[in-house]
Amino acid sequence: MQIVRGPGNDSGQEPEKEAAEAADIQAFAWLLAYNRPELPLLFKWLVGINVAVFVALLPLGAGLIEANSSVHLAWGANFGPAIAGGQYWRLLTAAFLHFGLVHLAFNMMALWSLGSLAERLYGRWPFLVIYLGAAVIGSLASVYFSPDRTVSAGASGAIFGLGGALASFWLRNGKAVPLSVLRGQWVNLALFIGFSVYMGITASGIDNAAHGGGFVGGALLGYLLTTPLQQPRIAGPRQLTLGIGAILLSLAVILPILPEPAYRYPVEQPIADAIDAAFREDTRLANISKKLNEERTKLTPQSYRQRIESELLEPWREVARSLNGYDTRPESRIAERLLAAQQYAGLRVKLYEAYVAGLRGDRARMREAEAVAEQLPAAIAAIKRSLEAR
């Protein structure tokens with residue numbers, strides 16, 4: 001019987017293609033069995049550690065869904081002012097903290113998917129060097145590009161590093177890895193990277209600098225630690241030393257050139273807290289001032305003056321006192337911010353002192369109050385300049 005097939009009918013070729021791909025995958029599996037016989041284990045431990053840390057922080061108030069960043073900061077999250085303050089261990093510990101269950105689940109699924117193959121191809125100790133090294137380099141990138149960003153954490157920089165390491169392995173062992181295997185892994189990697197980049201563009205709080213730094217760091221370390229898949233060996237002590245040396249070199253080069261953050265944590269944290277408290281009090285007192293102006297016609301002159309003195313002048317004196325007595329490094333950005341806040345609070349005190357005296361009938365002091373009020377816009381502009389990111 002003669003079978004006539006129309007154009008594009010390749011049903012006979014499909015089984016052959018599938019059989020060829022199955023044979024390639026089987027051959028690759030045998031190659032792994034002979035040359036990489038050690039089954040992956042460390043990636044499971046890493047998943048377990050991340051989950052255990054997440055659960056352990058829940059009773060401390062870290063948050064199951066909505067994260068409490070102050071708890072994460074206390075337990076090792078990445079924070080530019082803290083790195084500037086010498087707490088370099090945060091560059092690594094941040095990779096084991098997560099902001100909520102969704103953050104943890106997404107990263108652990110990616111780690112399970114990419115970690116298994118990466119550990120099998122590189123071996124346990126090279127895999128661990130790549131994972132931890134990518135975490136550190138990703139954290140460095142985060143601080144470099146966002147020295148004043150709020151608290152950041154997560155394993156995604158390390159996981160991006162595994163993606164970079166797999167790319168390096170395939171680059172150096174392309175002929176030994178079947179296209180069918182590459183295709184499946186590239187799809188998984190592309191989905192993870194694509195979704196992460198999309199979230200970084202459309203959602204706030206996503207640390208794309210850590211992602212990019214982790215990928216580059218993982219690719220570099222993977223290139224240094226790759227061995228030929230056709231040979232039954234993984235990176236030995238010499239290559240591992242080279243990889244660890246690359247991580248230390250990254251620290252030595254990047255740490256000295258990190259941008260200066262607004263302040264250094266924890267030494268200058270009390271100053272930052274005092275300034276923030278002063279700004280909050282400014283908002284509260286502005287509302288009180290507005291309310292008093294609205295009620296002025298209902299109050300006697302004496303009652304109005306007393307309320308100005310008790311509800312505005314005395315609180316501003318307390319704000320001014322709270323900003324005094326701090327020592328700052330002259331070159332630090334917090335010094336400029338503190339000086340601007342001190343000058344603004346001082347003007348507010350001077351304004352209300354003169355205004356209260358003017359309400360008692362002292363016309364000269366009332367004119368003084370008007371002159372001080374004209375200086376406030378310049379003081380506010382100085383505060384805004386001190387708050388600008390640099």
Side-chain angles (χ1 to χ4, degrees), residues 42-112 115 128 131-143 146-162 196 199-200 203-211 213-214 258 261-280 322 334:
L42 281 182
F43 84 97
K44 297 178 181 179
W45 279 97
L46 289 171
V47 171
I49 291 171
N50 277 278
V51 173
V53 170
F54 180 81
V55 172
L57 292 184
L58 289 179
L60 303 178
L64 179 63
I65 304 300
E66 295 293 331
N68 181 356
S69 60
S70 61
V71 175
H72 295 84
L73 176 61
W75 287 91
N78 196 19
F79 189 43
I83 302 303
Q87 296 184 350
Y88 303 129
W89 44 270
R90 293 177 179 273
L91 296 170
L92 179 60
T93 55
F96 295 92
L97 302 173
H98 289 85
F99 294 133
L101 185 60
V102 174
H103 187 206
L104 174 73
F106 178 72
N107 278 348
M108 292 306 98
M109 287 189 293
L111 175 55
W112 193 274
L128 188 62
Y131 184 88
L132 299 180
V136 169
I137 295 172
S139 294
L140 279 173
S142 174
V143 175
S146 302
D148 291 326
R149 79 172 287 120
T150 52
V151 179
S152 62
S156 54
I159 297 168
F160 266 81
L162 296 182
S196 298
M199 290 299 295
S204 60
I206 307 300
D207 196 349
N208 277 329
H211 296 167
L258 288 177
Y263 65 96
R264 294 190 176 189
Y265 177 92
V267 177
E268 295 172 337
Q269 182 68 44
I271 305 174
D273 291 341
I275 294 173
D276 289 342
F279 291 161
R280 290 194 299 270
S322 72
I334 198 70

- Query: Do Q269 and P81 come close enough that some side-chain heavy atom pair is under 4.5 Å?
  - Reply: no
- Message: If I take atom CG from residue L132 and atom CG from residue L92, how far apart are they, to the nearest 0.5 angstrom?
- Response: 5.5 Å
- What's the shortest heavy-atom distance between L60 and V71, and which atoms? O-CG2, 3.5 Å
- Query: Does a side-chain heavy-atom distance below 4.5 Å link N107 with N50?
  - Reply: no
- Task: State, to 0.1 Å, how close A110 and I159 come at their nearest heavy-atom pair, and which atoms those are.
- Result: CB-CG2, 3.8 Å
- Query: Just wondering, more than 12 heavy atoms not from W45 lying within 6.0 Å of its CH2?
  - Reply: no
- So how far is it from N78 CG to S139 OG, rounded to the nearest 0.5 Å? 4.5 Å
- How many angstroms lie between NE2 in H103 and CD1 in I65, if you round to the nearest 0.5 Å? 13.5 Å
- Query: Looking only at heavy atoms, what is the nearest atom pair of S142 and D207, with distance?
  - Reply: OG-OD2, 2.5 Å
- Drop me the distance from N208's CG to F160's CZ, to the nearest 0.5 angstrom. 7.5 Å
- In Å and rounded to the nearest 0.5 Å, what is the CZ to CG distance from F99 to N68? 9.5 Å
- Residues P270 and P266: closest non-hydrogen pair is CD-O, 3.5 Å
- Message: Testing the basics here: between G80 and P261, what is the closest heavy-atom pair and its distance to 0.1 Å?
- Response: O-CG, 4.0 Å
- Query: Within the side chain of R90, is there an N or O that forms a donor-acceptor pair under 3.5 Å with the backbone of L73?
  - Reply: yes
- Message: Given 3.5 Å as the limit, does a donor-acceptor pair link the side chain of H211 with the main chain of S156, or not?
- Response: no
- Taking side chain as C-beta onward, heavy atoms only, is L101 less than 4.5 Å from F54? yes
- Answer whether the closest heavy-atom distance between the side chains of V53 and W75 falls below 4.5 Å. no
- Query: Any sub-3.5 Å donor-acceptor pair from H72's side-chain atoms to H98's backbone N or O?
  - Reply: yes
- Residues A77 and S152: closest non-hydrogen pair is CB-O, 3.6 Å
- Message: Rounded to the nearest 0.5 Å, what separates atom CD1 in I271 from atom CG in D276?
- Response: 12.0 Å
